[in-house]
Amino acid sequence: MARRSLDLVKHVKFLAQAGAITKPKWLDVVEKIHPAVPAKSSKKPAVLRFPEDDLLQAYYAKHPEAKMEPVDLSSFEPTSARKFVFRQLEVMQTGVPRKEAYDIVSKEVAEAASTSDAPALGRVVLDQIQQEEEWHLMNAMSQFRERHPTVAKLSPKKPPPANPNPAKGNARRPPKKAPRPTPAPPAQSVPA
C-alpha cells in the first residue's frame, strides 16, 4: 500500500505541475512526511518448528491410517493423532524420555479404547459425513433439474445387469461378434 501512495504522490505532483489539476492542499504535507516503505528482504522467512511436529511425524510413520481420519472443520477439537502427541509432550515435560512417553500414552489410549465406545464414535462421524454428502448431492440434483427441465424428463439409463456368475469377476465382456460371411466367388461369364 505504501508503494501505491508514493506512486499517487508522484502522479498528482506531475498533474499539478502540468496544470491539469490545481495543487491539492495535502500534497505539501505528504511530500514532507512520506509513508513508510517496507524494506524488501531477499531472505525467506524462517520455518516454524514446534516441539510436537517431530512427534507427530513419528506417530504418522507408525500409524499411517491416522492421516485418513476425517477432520471436523467446524470444531476446534484436534484429531486423535494430535491428542496423542499433545499427551505425549505433556508426559515428556515431566522428565520422561520420548520412547517411554510414547509407550505410556499408547497404554493409556488402549485402556481408554477398551472401556469406551470408540468404534461406535467413529461410525457416528462417518454417518454424519455421509448424511451431509447426501444432502449436498440431492441439493445439486434438484438445482440441475430446475435448470435443465428437458434433461430431467428423460428416463434414466438402466444399470448394467448383475453378473450371473460372480466367480468369473464383474468385468463386462463385449458381445460376441457374428462371423463375417465369406464373400461369394466372382461370377464367371460364360462365352456365348
Side-chain angles (χ1 to χ4, degrees), residues 1-8 34-148 151-152 156-163 166-172:
M1 173 136 174
R3 179 160 170 72
R4 281 190 171 179
S5 58
L6 285 176
D7 291 343
L8 178 68
H34 284 289
V37 177
K40 291 186 178 180
S41 175
S42 61
K43 296 180 183 177
K44 290 185 179 180
V47 177
L48 295 177
R49 297 291 298 173
F50 296 101
E52 63 266 16
D53 290 345
D54 295 330
L55 299 174
L56 191 62
Q57 289 299 325
Y59 183 83
Y60 283 146
K62 291 181 182 177
H63 307 280
E65 70 278 1
K67 291 180 181 180
M68 300 299 177
E69 181 180 355
V71 178
D72 184 8
L73 298 178
S74 64
S75 170
F76 290 104
E77 186 74 21
T79 61
S80 59
R82 286 207 177 270
K83 286 180 187 177
F84 184 94
V85 168
F86 290 147
R87 177 66 183 132
Q88 182 182 3
L89 194 60
E90 201 175 284
V91 172
M92 287 172 57
Q93 288 173 348
T94 63
V96 179
R98 179 178 174 165
K99 177 72 174 140
E100 290 178 28
Y102 180 86
D103 294 338
I104 292 170
V105 177
S106 293
K107 288 177 185 174
E108 289 177 3
V109 169
E111 290 172 7
S114 66
T115 60
S116 71
D117 295 334
L121 178 63
R123 186 70 201 155
V124 168
V125 172
L126 287 177
D127 288 341
Q128 180 184 3
I129 291 170
Q130 287 176 341
Q131 287 174 355
E132 289 178 16
E133 287 177 347
E134 185 177 350
W135 180 85
H136 287 291
L137 180 63
M138 292 303 198
N139 190 18
M141 288 173 63
S142 66
Q143 287 178 1
F144 179 81
R145 284 189 198 108
E146 289 172 3
R147 291 182 185 149
H148 307 284
V151 176
K157 292 183 179 179
K158 292 181 181 178
N163 188 359
K168 290 187 176 182
N170 287 334
R172 294 190 63 194

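Computed from a predicted structure; not experimentally measured. This chain uses plain numbering: 1 for the first residue, then up along the sequence.
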query = CG of D54 to CG of L89: how many Å apart, nearest 0.5 Å?
reply = 10.5 Å
inquiry  = Run the side chain to side chain donor-acceptor pair (under 3.5 Å) test against R147 and tell me which residues pass, sequence neighbours left out.
reply    = none
Any side-chain heavy-atom pair of V105 and E90 under 4.5 Å = no
query = Taking the six-membered ring for Trp, are F84 and Y59 parallel (under 30°), tilted (30 to 60°) or perpendicular (over 60°)?
reply = tilted
note = Scanning both residues in full, the closest heavy-atom pair of A81 with E69 reads N-OE1, 4.1 Å
ask   = Just wondering, more than 12 heavy atoms not from Q143 lying within 6.0 Å of its CD?
value = yes
query = Is any side-chain N of the basic residue among K107 and D103 closer than 4.0 Å to the acidic one's carboxylate O?
reply = no
key: OG1 on T79 to CG on D72, rounded to 0.5 Å   = 12.0 Å
message = Less than 4.5 Å apart, side chain to side chain, heavy atoms only: is that true for V91 and E100?
response = no
query = Can you check whether E77 reaches K83 side chain to side chain, under 4.5 Å on heavy atoms?
reply = yes
request  = With rounding to the nearest 0.5 Å, note down the distance linking NZ in K62 to OG in S106.
outcome  = 7.5 Å
inquiry  = Using side-chain heavy atoms (C-beta onward) and a distance below 4.5 Å, is V109 in contact with R87?
reply    = no
key: Shortest non-hydrogen contact from P70 toward I129   = CB-CD1, 3.5 Å
